[in-house]
Amino acid sequence: MENLPILQFEEKIMETVEHNPVVVIIGETGSGKSTQLSQILHRRGYTNSGIVGVTQPRRVAAVSVARRVSQELGVRLGEEVGYAIRFEDRTSERTKIKYLTDGVLLRESLSDPELNQYSVIILDEAHERSLNTDILLGLMKRLIKERASNLKVLITSATLDGEKVSKFFSDCPILTVPGKLYPVEIFYSKERPTSYLESSLKTAIDIHIREPEGDVLIFMTGQDDIEKLVSKLEDQIRSLEEGSCMDAIVLPLHGSLPPEMQVRVFSSPPPNCRRFIVATNIAETSLTVDGVVYVIDAGYVKQRQYNPSTGMYSLDVVQISKVQANQRAGRAGRTRPGKCYRLYPSRVYQDEFHDVTVPEIQRSSLAGSVLYLKSMDLPDIDILKFDFLDKPSSESLEDALKQLYLIDAIDENGSILSIGRKMAELPLEPSLSRTLMEANEYGCLSQALTVAAMLSAETTLLPGRSRSTEKKRKHTALELPDGSNWGDHIQLLQIYELWDQADYDINWCKDHKLQVRGMKFVRDVRRQLSQIMQKIAKESLDVRPNDGRKESQQDYKNLRKALCVGYANQLAERMIHHNGYRTLGFKPQLVQVHPSSVLKTDDEGKLPIYVVYHELVATTRPYMRNVCVEEMRWVMPILKKLEKLNVNKLSGGSGHIGEDTESEILDLPEKEITVTGVPDDRESRIQAARDRFLARKAKK
DNA sequence: GAGCACTGC
């Protein structure tokens with residue numbers, strides 16, 4: 001600890017902090033900034049007037065750094081030094097240094113917008129530009145003005161974008177603290193390879209034959225490529241002449257690997273054996289593998305992006321940024337000088353790579369963030385003018401406003417409504433928060449809580465999809481409930497209730513091939529949501545899961561109705577002649593029900609006329625993932641509302657005031673559907689759909 | 001009848 005570079009800069013740092021409200025600190029890996037900055041400020045008396053809060057983008061980082069600092073100060077974790085992450089608050093009244101995830105700080109600022117308990121806020125790893133960090137940066141800029149005399153903000157960043165952050169904070173000073181990385185020699189390819197997989201393979205074998213001992217870290221974009229490369233590497237290593245080079249083992253490393261497989265990279269290798277670690281981006285920041293001396297970087301990453309004009313998510317392979325390329329290279333220099341092989345020419349790196357990664361705020365749906373900011377009641381409520389370090393597109397902000405309007409979180413002028421205020425308190429996407437609000441009215445809150453919690457964990461519920469587990473999964477899918485033909489939301493509800501009836505037995509999860517970790521997470525989320533709902537309602541609500549009685553069709557009906565209101569912005573109508581759907585929003589999209597859905601066609605081979613969907617994903621085709629069957633009479637008021645939508649008004653612009661200014665939502669009786677002002681084709685199609693709907697009903 | 005980079009409240 002004595003020789004951490006940052007300690008030599010203590011005087012300089014303190015002097016700068018003393019005279020400036022905001023300071024940017026560029027600290028490379030190994031500088032000790034995460035553990036030492038807070039201690040320096042503590043030593044210099046900054047904890048006398050409040051807490052020093054340090055945000056981290058990841059939970060594990062918040063916990064492990066807090067633990068380290070408490071050890072260095074010789075205090076018990078949770079007393080002078082503590083941490084706060086979701087589901088776990090280990091702080092006390094005595095806490096002076098508090099590590100927390102950026103999401104937790106954001107939640108805290110909802111109840112205390114001035115963050116008065118803090119004397120210093122350090123936004124650590126700000127260069128990662130998580131959605132939450134970006135919002136915090138904007139909020140800090142405002143806070144500094146309001147609390148100029150008694151709040152200090154420190155922002156740590158990577159070399160390449162320190163200037164930008166400084167400019168954002170009125171040219172605040174930048175301090176650079178060197179890291180403790182060893183030099184890494186960079187090699188470029190002459191050309192871009194036609195196959196990055198083959199090229200990685202060849203480079204890896206070259207290293208194995210020519211270079212001295214040291215592990216090799218290879219970056220791939222996803223599980224499929226990792227599995228292919230692992231098996232090819234194993235084949236080639238086996239075919240090398242006996243005794244021509246040292247032994248080697250090949251280890252895959254990615255997020256959907258079960259934890260016990262992930263930790264294999266942390267156990268030390270057998271002597272005289274080289275390890276090849278074939279990893280996704282997880283090895284870029286989240287996990288640090290010791291012993292790596294060689295890095296192979298093909299320059300690609302898989303990134304999820306949101307298209308605000310279609311409302312659709314896609315997962316694309318994109319070129320990494322210079323910051324990412326350097327982060328990857330740095331992985332070779334942690335224990336001794338290393339080498340990084342870039343499978344692209346230096347010219348491509350210089351001219352084509354972006355300096356920094358596109359921040360998350362520019363590739364996500366912003367409905368939740370906009371609602372959050374609206375609920376903070378900032379004096380200038382025009383959300384389109386909020387001061388972001390990197391502004392999201394106006395299209396994206398308008399999309400968010402439109403969504404919030406359709407689910408009654410804001411009115412037609414863009415002002416937050418009381419229901420929206422309550423929604424902002426829930427750590428959920430606005431659609432699900434709205435569903436909970438509505439479900440509480442219909443007496444099915446308990447079921448809605450379960451569905452919301454299940455959807456929050458959905459991706460972690462099922463184990464990886466490697467070929468060996470594939471068949472088993474199909475097999476057990478038969479044993480899981482089927483949603484009673486109301487769709488995936490109802491199935492998720494039924495799954496959780498069965499687990500509840502099994503007394504949360506982990507063997508039940510295993511028998512049904514559900515990830516224990518995922519199901520436990522659902523239980524935690526559900527508990528948290530229940531508590532928040534009780535707090536909002538200021539009374540005790542019935543939130544117990546169904547205790548084994550058979551759920552009636554009426555229960556499902558109420559829940560589906562609540563989902564219809566909550567997902568008013570995610571509604572689709574079936575085509576007349578086939579089972580394709582058309583989304584009902586501003587720009588209609590042609591989509592299909594995802595093949596993994598439990599929803600089945602009826603006797604005539606048709607799917608239901610109206611569904612709501614949890615998510616639109618563009619893979620081989622545009623799909624709706626997780627759908628729920630809705631009824632026409634619930635959908636009609638939403639269509640009415642869609643007609644009145646005026647984005648100009650929502651965003652506080654000077655748009656025309658619509659002729660139809662009533663904001664009342666008409667609850668139309670089933671037999672008297674009058675649709676006015678819709679284009680003719682829409683009207684006749686709705687008419688046709690309605691006839692079919694009534695005919696089906698009559699048949700029953 | 002298709003396919004899941006990584007986080008987080």
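Here is the naming used below: chain letters follow the sequence lines, and residue numbers restart at 1 for every chain.
- A:Arg621 has its CZ atom 9 Å from the P atom of B:dG1, to the nearest Å.
- Put simply, CG on A:Leu315 is 10 Å from P on B:dC6, counting in whole angstrom units.
- For the pair A:Glu125 and A:Arg58, the salt-bridge criterion is not met [side-chain N within less than 4.0 Å of a carboxylate O].
- Comparing B:dG8, B:dC6, B:dC9 by their closest approach to the side chain of A:Pro427 singles out B:dC9.
- A:Ile85 comes within 4.0 angstrom of sugar-phosphate atoms only, judged by non-hydrogen atoms across all strands, and of no base.
- The listed nucleotides are B:dC4, B:dG1, B:dC6; the one nearest the side chain of A:Thr280 is B:dC6.
- Contacts of A:Val104 with the nucleic acid, taken as non-hydrogen atoms under 4.0 Å apart, involve only primed sugar atoms and P, OP1 or OP2.
- Of the charged side-chain nitrogens involved, at least one lies within less than 4.0 Å of a carboxylate oxygen, so that A:Glu615 and A:Arg304 count as a salt-bridged pair.
- A salt bridge links A:Glu108 to A:Lys98: one of the charged nitrogens lies within less than 4.0 Å of a carboxylate oxygen.
- Side chain of A:Gln262 to backbone of A:Gly255: a donor-acceptor contact under 3.5 angstrom is found.
- To the nearest angstrom, P of B:dG1 lies 9 Å from OH of A:Tyr623.
- Between B:dC4 and A:Arg304, no contact under 4.0 Å exists linking OP1 or OP2 to a side-chain N or O.
- Following rounding to the nearest Å, A:Leu131 (CG) and B:dG8 (P) show an atom-to-atom distance of 14 Å.
- Put simply, A:Thr620 has a side-chain N or O that comes within less than 4.0 Å of OP1 or OP2 on B:dG3.
- Atom-to-atom, CD1 of A:Ile282 to C1' of B:dC4 comes out at 14 Å; the value is rounded to the nearest Å.
- A straight line from OH of A:Tyr83 to P of B:dC9 spans 12 Å, rounded to a whole angstrom.
- Residue A:Ser130 is out of contact with every strand shown, counting any heavy-atom pair closer than 4.0 Å.
- Aromatic ring centres of A:Tyr300 and A:Phe219: separated by at least 6.0 Å.
- Nearer the 5' end of DNA chain B, as judged by each residue's closest nucleotide, is the contact made by A:His594, out of A:His594 and A:Leu253.
- Counting to the nearest Å, the P atom of B:dC4 and the CZ atom of A:Arg625 are 7 Å from each other.
- Between the P atom of B:dA5 and the CG atom of A:Asp316 lies a distance of 12 Å, rounded to the nearest Å.
- Here A:Thr285 does not reach the OP1 or OP2 of B:dC6: none of its side-chain N or O atoms lies under 4.0 Å away.
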